[in-house]
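We name chains A, B, ... by the order of the sequence lines, and we start the count at 1 in each one.
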2 protein chains.
Amino acid sequence: MYPELQIDRQLCFRLYTASRLVTGAYTPMLTALGITYPQYLVLLVLWEKDRQPVGEIARRLLLETNTITPLLQRMEKQGLLSRTRGESDRRQQIVALTDKGRALQEQALTTVPRGLGLKLSACPLGAEDYRQLAEGLDQIIATLSQQ
Amino acid sequence: MYPELQIDRQLCFRLYTASRLVTGAYTPMLTALGITYPQYLVLLVLWEKDRQPVGEIARRLLLETNTITPLLQRMEKQGLLSRTRGESDRRQQIVALTDKGRALQEQALTTVPRGLGLKLSACPLGAEDYRQLAEGLDQIIATLSQQ
DNA sequence: GCAGATTGTATCGCTTGCGATATAAAATAA
DNA sequence: TTATTTTATATCGCAAGCGATACAATCTGC
């Protein structure tokens, strides 16, 4: 009746669902490592560059501190990272990996990408399709993140 | 160092972020209607076809009942819908729109698509790009939802 | 130096998502 | 029929997300 409101035509619902399903596809591998998906994202950021203030991580993941702070607190409690006040700026909390947090990288490397590839192996998309998909998503992200 | 773990190459992070940002783009219009994004999805399903059991709505949205049930309970409390036991099968809860829930469709129609279009107007993607994007997401959803 | 604005992070309250488990009605087996 | 299994929904607990607000450290203007 109202094509504007037909759910199957909505990009939003596809994004929402694909995001949930892909996150869910990561879950078994991440559970084996004792972490959640958002925690994995934080680790990805820290594995690239250790010792970053909370705000840097938040900017990288496009999340607010009211999401990041409790996330980091839980990860600290699990012994994955430490938080210490910045020396030049005492307002900053510098987040650093612990040995345990660093060690997870090797395990993740050997299990996570392989596990996800396996689950998506039945997907008929090719490398070029994924590239285009990523490009489109980047455009949407760029547009909406600077408003 | 490990290209497999570089966050920018990960499709998952893009999906996760794009989904959050697009949902966030809906929020102002939906807040004006007094609903949240998942509640909007439930309404979209009911606007298409009123009087559906909980399980049907769950299948349509690819959500579990442990997500849907509390969501419907909150919506019932807000007077957007009613839940009554099925007559042929007393286990089923038949979800039906109230007048208030039905009335929201007109308002949504005049504000939501327009509002979102406005926010995405700065996005350089064309109609064909959106079509391809939707197609790729559908492939991923189809692959992961039947495993 | 100091009052006011800004910045970096934290807290609170609420709604999702989801794994695990529970419960009651219906279907099936015996 | 009665016991067993399956199905439809609900409950519980916990981790995100996020709007609103708080708070302390730093910066700015004077």
Side-chain angles (χ1 to χ4, degrees), chain A residues 13 15-28 30-32 34-42 52-78 80 83-95 144-145, chain B residues 12-13 15-28 30-32 34-42 52-59 61-78 80 83-95 144-145:
Chain A
F13 176 64
L15 280 172
Y16 164 82
T17 303
S19 173
R20 279 193 312 106
L21 291 176
V22 171
T23 300
Y26 276 84
T27 301
L30 298 181
T31 300
I35 57 178
T36 65
Y37 181 71
Q39 292 175 3
Y40 179 61
L41 292 182
V42 170
Q52 298 191 53
V54 171
E56 273 301 308
I57 302 175
R59 262 185 296 281
R60 197 85 170 73
L61 299 180
L62 298 178
L63 288 168
E64 303 295 317
T65 65
N66 53 3
T67 298
I68 285 282
T69 295
L71 184 52
L72 294 175
Q73 287 170 340
R74 285 186 288 268
M75 293 178 76
E76 186 179 32
K77 208 173 288 179
Q78 294 176 54
L80 296 171
R83 298 183 308 147
T84 46
R85 287 281 159 197
E87 296 192 354
S88 58
D89 187 339
R90 309 284 305 159
R91 289 172 303 183
Q92 290 187 332
Q93 285 274 24
I94 307 296
V95 182
L144 294 180
S145 67
Chain B
C12 70
F13 175 64
L15 279 172
Y16 164 82
T17 304
S19 173
R20 279 194 312 107
L21 291 177
V22 171
T23 299
Y26 276 83
T27 300
L30 297 182
T31 300
I35 58 177
T36 65
Y37 181 71
Q39 292 175 1
Y40 179 61
L41 292 183
V42 170
Q52 298 190 53
V54 171
E56 273 302 308
I57 301 175
R59 262 186 296 281
L61 300 179
L62 296 178
L63 287 169
E64 303 294 318
T65 64
N66 54 3
T67 298
I68 286 282
T69 295
L71 183 54
L72 294 175
Q73 287 170 342
R74 283 185 289 268
M75 294 177 76
E76 186 179 32
K77 208 173 287 178
Q78 292 176 54
L80 297 172
R83 298 184 308 147
T84 46
R85 287 282 159 195
E87 296 191 354
S88 59
D89 186 338
R90 310 283 306 160
R91 289 171 303 182
Q92 290 187 334
Q93 285 274 25
I94 307 297
V95 181
L144 294 179
S145 66

Extract from the structure each pairing of a protein N or O with an N or O of nucleotides 27-29 of chain D at less than 3.5 Å, listing the distance.
none

> So, is B:Arg85 near the phosphate of D:dT9, with a side-chain N or O under 4.0 Å from OP1 or OP2?
Replying inline: no
> What is the minimum heavy-atom distance between B:Gln78 and B:Gly34, and which atoms define it?
Replying inline: OE1-O, 3.3 Å
> Is the distance from OP1 or OP2 of C:dG8 to the nearest side-chain N or O of A:Gln93 less than 4.0 Å?
Replying inline: no
> CD of A:Glu76 versus P of C:dT9: gap in Å, rounded?
Replying inline: 14 Å
>> If I take atom OH in residue A:Tyr40 and atom C1' in nucleotide D:dA15, what distance separates them, rounded to the nearest angstrom?
In response: 19 Å
>> Base, sugar-phosphate or nothing for A:Gln92? Non-hydrogen atoms, less than 4.0 Å.
In response: sugar-phosphate
> Given side chains that start at C-beta, do those of B:Phe13 and A:Leu61 come closer than 4.5 Å, heavy atoms only?
Replying inline: yes
> Which part of the nucleic acid, if any, lies within contact of B:Arg59, taking any heavy atom under 4.0 Å across all strands shown: a base, the sugar-phosphate backbone alone, or nothing?
Replying inline: nothing
> Just how far, in rounded Å, is C1' of D:dG17 from CG of A:Leu62?
Replying inline: 13 Å
> Are any of B:Gln73's side-chain N or O atoms less than 4.0 Å away from OP1 or OP2 of D:dT11?
Replying inline: yes
>> To check you understand the geometry: which heavy-atom pair defines the closest contact between A:Leu30 and A:Tyr37, and what is its length?
In response: CD1-CA, 3.6 Å
> Could you give the CG-to-P distance, from B:Leu30 to D:dC18, as a whole number of Å?
Replying inline: 14 Å
>> In whole Å, I'd like the distance from the CG atom of A:Leu72 to the C1' atom of D:dA15.
In response: 14 Å
>> With a 6.0 Å cut-off (strictly less than), is the heavy-atom count around CD of B:Glu64, excluding the residue itself, greater than 12?
In response: no
> If you check the B:Thr65 side chain, which of D:dA8, C:dA10, D:dA10 turns out closest?
Replying inline: D:dA10
> Which atoms form the tightest heavy-atom contact between A:Arg20 and B:Leu62, and what is the distance?
Replying inline: NH2-O, 2.7 Å
> Roughly how far, to the nearest 0.5 Å, is CD1 of B:Ile94 from CD of B:Gln52?
Replying inline: 9.5 Å
> How many Å lie between CD on B:Glu64 and P on D:dC14, as a whole number?
Replying inline: 20 Å
> Of the non-hydrogen atoms in A:Arg85 and A:Arg90, which two are nearest, and what is the gap between them?
Replying inline: CD-O, 2.9 Å
> Which sits closer to the 5' end of DNA chain C, A:Thr27 or A:Ile68, going by the nucleotide each is nearest to?
Replying inline: A:Ile68
>> For A:Ile94 and A:Gly24, find the nucleotide of DNA chain C closest to each by heavy atoms; which residue's nucleotide sits nearer the 5' end?
In response: A:Ile94
> Where is the tightest heavy-atom contact between A:Met75 and A:Gln39, given as atom of each residue plus distance?
Replying inline: CE-O, 3.5 Å
> Which heavy-atom pair separates B:Thr65 from B:Pro70 by the least distance, and what is that distance?
Replying inline: O-CD, 3.9 Å
> Between D:dG17 atom P and B:Leu21 atom CG, what is the distance in whole Å?
Replying inline: 12 Å
Please list each protein N or O that sits under 3.5 Å from an N or O in nucleotides 14-17 of chain C, with the distance.
| unit_1 | atom_1 | unit_2 | atom_2 | d |
| --- | --- | --- | --- | --- |
| C:dT16 | OP1 | B:Thr36 | OG1 | 2.7 |
| C:dT16 | OP2 | B:Gln39 | NE2 | 3.1 |
| C:dT16 | OP2 | B:Arg74 | NE | 2.8 |
| C:dT16 | OP2 | B:Arg74 | NH2 | 3.3 |
| C:dT16 | O5' | B:Arg74 | NH2 | 2.8 |
| C:dG17 | OP2 | A:Tyr16 | OH | 2.5 |

>> How long is the straight-line distance from CD of B:Glu76 back to CG of B:Leu71, given to the nearest 0.5 Å?
In response: 12.0 Å
